[in-house]
Amino acid sequence: MEIQLKLNGRPLRAAVEPGTLLLDFVRAHGCASVKRGCETSNCGLCTVLLDGKPVLSCSVLAARADGCEVQTLEGLQAEAEAFVAFIADQGAEQCGFCNPGYVMNTIALLRENPDPTDDEIRAYLAGNLCRCSGYEGQLRGIRAFLDARGPAKEGHHG
Amino acid sequence: MAETKTVGKGVRKKDALGLLLGRPAFVEDVTPRDCLVVKVLRSPHAHALIRSIRTDLATKVPGMVAVYTYEDVPRQRFTIAGQTYPEPSPYDRLILDRRLRFVGDAVAILAGESEAAVDKAMKLVKVDYEVLPAVLDPHTALDNPVLVHPEDDWRALCAVGADNRRNLCASDRCGDGDVDAVLADCDVVVDHVWHTKPCQQAMMETFRTYTEIDPYGRLHVVSSTQIVFHVRRILAQALGIPKSKIHVEKPRIGGGFGAKQTAVCEVYPAFVTWKTGRPAHIVYTRQECQTAGSPRHEMEVHVRLGASKQGKIRALDVYTLSNTGAYSEHGPTTVGLSGHKSIPLYTGGLEAFRFAYDVVYTNVQAAGAYRGYGATQGIFAVESAVNELADRLGVDPVALREQNMVREGMRMPAYYNEPANACALDRCMARCKDLFGWDEKFPVRDMGNGKVRAAGVAMAMQGSGISGVDVGSATVRLGDDGIYNLVIGAADMGTGCDTILAQMVAECMDCDVDNVAVFGADTDASPYDSGSYASSTTYVTGKAVERACTQLKTQLCALAAKGFGCTPEEVEFTGDAVRRLDGSASVPLADLATRAMCNNTTAVQATCTHSSPISPPPFMVGMAEIELDKETGSVTVLDYKAVVDCGTPVNPNLARVQTEGGIVQGIGMALFEDVHYTPAGRILENSLMQYKIPTRLDMGHLQVEFEASYEPTGPFGAKSIGEIVINTPAPAIAHAVFRATGTWFRDLPITPEKVYTALHAQP
């Protein structure tokens, strides 16, 4: 079957098998940031934005993205760059394999809730597993970014 | 210690931004997608012989290139454990064997042009199994009539006390003093058995390897591995080809924790590529990682701890039964740490110790190396015994430890008589006690809502490399414009060794860390390194880096002196230049680099290799506060404080994050991560759905501090940190749960159902 979508802003028309997962589709189209860490929708490594909402691309058929906009970290570099340096300053990237997934989910969080509390950050990112960092350094990095940025302007709250 | 500019600073990891921005870095990202897909057909039986195997139908599937069985592979046995040759792990594997030894053992290797073709072909391989009785219980393994390795060509290269005719992978005993006599004379003896499960490393990137034939006709292997040089040797042995025909490199590694200190998957695509000449890759599923990986050794540790009424710990008798599963990987060595890295914590007043062990083969998934090796299991047992002693004596467990702990300057009989050159364990305890608020939190607090708060404590030690075995090497060279290249054979698996070793170069050469480009690990390009395991890289390879820099400075001085027309003794290296001591001349480093590339015969490249006769232990104290729900039995970690003595923390940021990560893995081991087998030997927890690793809602609040000591044999006084950090949570949390419930849980993990059952069994 053929699908049409926007991948990172670029219109794309492609033939896919009905069973093709969005994860495999975007990786085949050059989005190597999207990782697979499990087969059971538990790890969060494959998080992408589907029409702006974070989804696990291992649990979404490519066909489901027909007519939609799909964004991966490749397409959101500037938005990520705004805060990931703060995580790097903690050394909390560690092996890096889970990074794209939780960075994508952090982007989604900050769009929804520009001034999250620590507990809101923990809850929103709870589905993003990391085996290296113990999570605390990731939180410190995001908190350092929020503190450096100051309170989000009025009207930006979702 | 002298003032340092770069060592001791929380320098950002060199690859941090690339990783955070999702740039291609890992095996699958940097190798061609257009290659054969390799998968392994796995045994449904815990123990069986292949009566017959038909591959004709599978081979006919369009897109299939090859299906290999035990009849196609070389006949010499080898081990996939990444250890220095001759490996202590007996040679008990073939690439494919007629005998299948656990549910998940390799039956056939399939290679095809697409995953769909391979999946379809997998169902068409027809195997007739002769199902055999299996040995599933480690207690009955020794001298069981059912043998896991009855084959005549099974071979132990080292005297590890192995005997395949007894299902024995290793055994030994050692001691100091008359332990039985001292125990008989003790006022109190704590005598129990502690049990830990074969926990999974659960690194986020599963096992994966890409292989191709390079333009020179050599096998080029790109693998997610901690041990490029061992992989080269293992593949040469397995395939029966010369090592000169193999080139192994690692790109970024998506976590290892010891799992990738074993060549779990490399041999399959390597075999396919060597046979077909075609590029191939294998990517393990999470299910394969959980069922055919290389987890922690399940251990049962029997501790007899004897003390006086006054709280002097006088004797420790430790016996460990370790289950290596179907194959030997790391079996003979992990077990040693269960005693050698738990007993020495109490060197203080110890009059006698004994440590004995048996490591048995069974028909379950083979175990391997996992952060902490066997120390994690042994420390859970010994530290729990000490907490139990404190309770029986009615003394504060912190004070009891202060009374008995190893201290700087002591020689540790149970640690191969090695010295505690640098030991801040006493300061770690004092600081952790303050930080945690031990005196306020240790008393059990009923919260009045069915919940109870309580606290627990544990100490830990580990090593820094394997004494007298591990080899670390580094090449440092000056390049154009005065940049430095650092080439290493150690593998940065995310922990940041590329960066901390560059920090050492920057410190030695008095330059910015950005001026140091790091490359590794690659068997063709890197100087030899045993690999990144056993907490060795900072301590062993770091020392090689320091020595290589010293040598390079001598070369730079010689080159400059030649230009000045004076002797090397008359010049000094100042970081950005070499100058004459009398101030009459100076040459900038960049000019020296240029000069080195024209009509020059003085090398500006130094390679140093280092090995250490001792393995200085890092030390640590961890304290946990939990809240236990009496209605459900669930345990929540509220607060975890830890203070670590890793010598000099070379990069405190990276040391802190490693510590936090290790603590959270330890919390997982203590509370969640469970492994069950069906009566037929199949693992139930075969996904991250059932095998629960901690999320960020499961770990409470962590706080880590360092109490530096100065290890004179380490680079800049450094010891190690990679492994020790996983060791305190299990005993500290078990202690807190005892405080809350009155029940000692000696069998991990401490699940809500175990707690609930214990609470309701009480009168």
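Here is how names work: the chains are called A, B, and so on, in the same order as the sequence lines, proteins then strands, and each is numbered from 1. Everything quoted here is computed from the prediction, not taken from an experiment.
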Is any side-chain heavy atom of [X] less than 4.5 Å from a side-chain heavy atom of [Y]?
X: L12(A); Y: V70(A); result: no
X: L21(A); Y: V60(A); result: no
X: L5(A); Y: D66(A); result: no
X: F26(B); Y: I253(B); result: no

Can you pull out the donor-acceptor contacts between chain A and chain B, under 3.5 Å, including backbone atoms?
from    : atom 1 : to      : atom 2 : distance (Å)
R27(A)  : NH2    : D29(B)  : OD1    : 2.9
K35(A)  : NZ     : D29(B)  : OD1    : 3.1
K35(A)  : NZ     : D29(B)  : OD2    : 2.5
G37(A)  : O      : R286(B) : NE     : 2.8
G37(A)  : O      : R286(B) : NH2    : 2.9
E39(A)  : OE1    : R286(B) : N      : 3.3
E39(A)  : OE1    : Q287(B) : N      : 3.2
E39(A)  : OE2    : R286(B) : N      : 2.5
N42(A)  : OD1    : M689(B) : N      : 3.3
Q77(A)  : OE1    : R23(B)  : NE     : 3.1
Q77(A)  : OE1    : R23(B)  : NH2    : 2.4
Q77(A)  : NE2    : L21(B)  : O      : 2.9
D89(A)  : O      : N653(B) : ND2    : 2.6
D89(A)  : OD1    : R12(B)  : NE     : 2.9
D89(A)  : OD1    : R12(B)  : NH2    : 3.1
D89(A)  : OD2    : R12(B)  : NH2    : 3.4
Q94(A)  : O      : K13(B)  : NZ     : 2.9
R122(A) : NH2    : H701(B) : ND1    : 3.1
L125(A) : O      : R696(B) : NE     : 3.1
N128(A) : O      : R696(B) : NH2    : 2.9
R131(A) : NE     : Q201(B) : O      : 2.7
R131(A) : NH1    : E673(B) : OE2    : 2.8
R131(A) : NH2    : Q200(B) : O      : 2.9
R131(A) : NH2    : Y370(B) : OH     : 3.2
R131(A) : NH2    : E673(B) : OE1    : 2.8
R131(A) : NH2    : E673(B) : OE2    : 3.2
Y135(A) : OH     : P694(B) : O      : 2.7
E136(A) : OE1    : L702(B) : N      : 3.4
Q138(A) : OE1    : R696(B) : NH1    : 2.7
Q138(A) : OE1    : R696(B) : NH2    : 3.1
R140(A) : NH1    : E660(B) : OE2    : 2.7
R140(A) : NH2    : E660(B) : OE1    : 3.1
R140(A) : NH2    : E660(B) : OE2    : 3.3

Distance from [X] atom [atom1] to [Y] atom [atom2], nearest 0.5 Å?
X: C199(B); Y: M669(B); atom1: SG; atom2: CE; value: 5.0 Å
X: F436(B); Y: M623(B); atom1: CZ; atom2: CE; value: 7.0 Å
X: C43(A); Y: L56(A); atom1: SG; atom2: CG; value: 7.5 Å
X: L19(B); Y: I87(A); atom1: CG; atom2: CD1; value: 12.0 Å
X: L61(A); Y: F25(A); atom1: CG; atom2: CZ; value: 12.5 Å

Which atoms of L45(A) come close to chain B, meaning under 4.5 Å heavy atom to heavy atom: side chain ones, backbone ones, both, or neither? side chain
Under a 3.5 Å distance rule, please check whether D51(A) uses its side chain to pair with a backbone N or O of C68(A) as donor and acceptor. no
At a heavy-atom separation under 4.5 Å, does [X] approach chain A through its side chain, its backbone, both, or neither?
X: P694(B); value: both
X: I663(B); value: neither
X: V664(B); value: side chain
X: M699(B); value: side chain

I'd like to know which of [options] tops the heavy-atom pair count under 4.5 Å against chain B.
options: G127(A), A85(A), P100(A); value: A85(A)
options: L129(A), V34(A), V103(A); value: L129(A)
options: A92(A), G137(A), C132(A); value: C132(A)

Of L17(B), L697(B), I693(B), the largest count of non-hydrogen pairs under 4.5 angstrom with chain A goes to I693(B)
Taking L688(B), L654(B), L21(B) one by one, which has the highest count of heavy-atom pairs under 4.5 Å against chain A? L21(B)
